[in-house]
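Below is one structure; the comments refer to it alone.
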There are 2 protein chains.
Amino acid sequence: MAKTELATRRPAAAPAPADTDEKVLLAAGKLFREKGFAATTVREIAAAAQMLPGSLHYRYASKDDILVALMRRGVERAIRAVELATAGEPSAIERLRLGLRAHLELLCNGDDSLYVLLFDWRSLTSGALSGVIRERERLEAFWEGLLVEAHGSGVARPLLDIELVRHFGFGAINWVATWYREGDGRTPAQIADAFWSFLAFGLLHESARPPDLDTHFAALLAASFKKGS
Amino acid sequence: MAKTELATRRPAAAPAPADTDEKVLLAAGKLFREKGFAATTVREIAAAAQMLPGSLHYRYASKDDILVALMRRGVERAIRAVELATAGEPSAIERLRLGLRAHLELLCNGDDSLYVLLFDWRSLTSGALSGVIRERERLEAFWEGLLVEAHGSGVARPLLDIELVRHFGFGAINWVATWYREGDGRTPAQIADAFWSFLAFGLLHESARPPDLDTHFAALLAASFKKGS
DNA sequence: AGCTAATTTGGTCGAATGGCCAAGACCGAG
DNA sequence: CTCGGTCTTGGCCATTCGACCAAATTAGCT
C-alpha cells in the first residue's frame, strides 16, 4: 500500500513487506493451531496467505523458519501483553492477577502464535531448537520475576518453591486453551480471575486447614530442594 | 476374533498376538510422544516394533487406527490407575490427593498413551474423533465424580464451579508432562503432593485472606453460571 | 524515461509418505 | 502327513510433500 514518501524508505518495490509477513504468520498460526505444524503444508499456508508457494519460499526459506518466526512472535507478544497489563500497578500480587488475565486473553482471543509456542513444541527440529529455547526462557524468566516480586511482597506463604508454583499456574492457565470455546458464558478474564482465587486462597474451607500448614509446606519443599544434579 | 470356546483358544498360528499388539502400541506411543503423530511415519513405528510395514498394516488398517487404539488405551489406563489408587480410601478428599498422584505417575513414568491422549488431540481426523471423544468424556466424568464427592464431603468451600476446578487441576497436573524430566530431584509423587497443597490451601498467607472470601467466590461463580447455551 | 533490485509467478524435482497386496511362512488341528 | 487358517514378508503404487528456480513483473530511484 501507500505511505511511502519520506520517512519509511522501502528497499525497492515492496507493496508492504511487513504487512505481507504479518499475513503469512497469521495464516500459518491459524493453521498450525488447527492441525498442528507437521500436518500443515506450505501450500496451505501460501493459499491462506493469498500467495503462491514460491512467493512464500522467497520470504521463508523453509517451513521451520516460519515456525521459528511464529514462536519468536509468540514470546514477544506474551511478554509485551503482560508488561502492558501490569505496568503502573503498585501491588505485586495484583500485578500477578492482571498478568494472568492478560496472558489468558492473549491465548484465547489473541493471535495463535502463543498457542503454537506452548503446544507445538515438539515440532522444532534440533537446528532451530536452541534459538527458540532461549526465547522461551525469556518468557519463563519474566514470569519468574513477577512471582518473586509477589512472593517478596510478604502476603504469600513464606516457603514456596517458586519454580514449582510457576509450573503449576502456567499449566492451569495454558490448559484453558484446550477446552475454552468462545461464547460458552465464561470470558477469559472471568476464568483468569476464578483461577486466581483458586491459586491464592485454595479450594478447601478454612476449617479444614491444619494449624501447622506452613510447616507442612516446608516439608514438601525440603524434598524438592535436594535436587542433586 | 479369538477367545471362542474354552480358555485361551488361540486362533491358529500366533506366537502371541496380544503381546505383539502391545509392542506396536508401546512403540507408537513412544514415537508419538517424541515427535507427534503427524511427524511419525508408519515405517518408523513398524521398525520400532520390530516388524515390517506390511505386518503393521495387517494389524492396523491405517495410522489413524493406531492412534485411536492408543488413545483408548490411554483412557483405560488413566481411569484404572486412579481407581486402583483410590480404592479403599474412605476420605473423599484423600482420594483426590491419591488420584492426583496416580495420574501424574502414570503420565510421567507410565507408558505414553495418556500423554498422547492429552497432547496429540488435534491429530484425530473427524472420522475417528467421535469415538475417542466419548472415551475422553468417560475420563472427564470420572474425575468430575471424584471432585463432586470431595466437594460433598464438606471440607471444601461451599460455592465452587466444579467444572472449572476440574479444568484448573487437570491443567496444572497435565502440564507437568511438558517440563518434567526424570531425575531432577522431584519425583512425580512429590510434585503431585506439592500441587495438592497448592490446590487445597492456596498460595497466600492467612493474613492476606479477606474476611468475605466465600462471598468473593460466589461472585466469581455467578458470572460463570450464566452461560447461556 | 530508464535503470535496478525486490518480489512474484507457476511450475518442476527427487524424496518420502500412507495404503496396499500377492505370495509365502508358520503352526495347531485332524 | 496334510490341511486351513492366521500372520508375515518385502516390495509396489499413486499421491503429496518441502524445496527450489528461471523467467516475468513490479515499483522506487536518479
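A note on names: the letters A, B, ... follow the listed sequences, proteins ahead of strands, and every chain is numbered from 1. Excluded from the calculations below are hydrogen atoms, water molecules and symmetry mates; all remaining heavy atoms, backbone and side chain alike, are included. Because the structure is predicted, anything quoted here is derived from the model rather than measured.
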Compare every heavy atom of B/L70 with every heavy atom of B/A28, then report the nearest pair and how far apart it is. C-CD2, 4.4 Å
Between [atom2] of [N] and [atom1] of [X], the distance in whole Å:
| X | N | atom1 | atom2 | answer |
| --- | --- | --- | --- | --- |
| B/D21 | D/dT6 | CG | P | 15 Å |
| A/M51 | C/dG10 | CE | P | 13 Å |
| B/L56 | D/dT9 | CG | C1' | 13 Å |

For B/L164, is there any backbone N or O sitting under 3.5 Å from a side-chain donor or acceptor partner on B/D161? yes
A/L52 has its side chain closest, among C/dT7, C/dG10, D/dT8, to C/dG10
Would you say B/S113 and B/D111 are linked by a side-chain donor-acceptor pair, where the criterion is simply a distance under 3.5 Å? yes
Report yes if a side-chain nitrogen or oxygen of A/R59 is closer than 4.0 Å to either non-bridging phosphate oxygen (OP1 or OP2) of C/dA6; otherwise report no. no
C/dT8 phosphate, OP1 or OP2: any side-chain N/O from A/Y58 under 4.0 angstrom? no
Would you please name every residue forming a ring-ring contact (aromatic ring centres under 6.0 Å, His included) with B/F32, sequence neighbours left out? B/F37
Hey, would you say the B/H167 and A/Y180 ring centroids sit under 6.0 Å apart? no
Heavy atoms, side chains only, cut-off 4.5 Å: are A/V176 and B/F168 in contact? no
Taking protein heavy atoms under 4.0 Å as touching, what does nucleotides 15-22 of chain C look like 5' to 3' if B marks base contact, S marks sugar-phosphate-only contact and - marks none? --BBBBB-
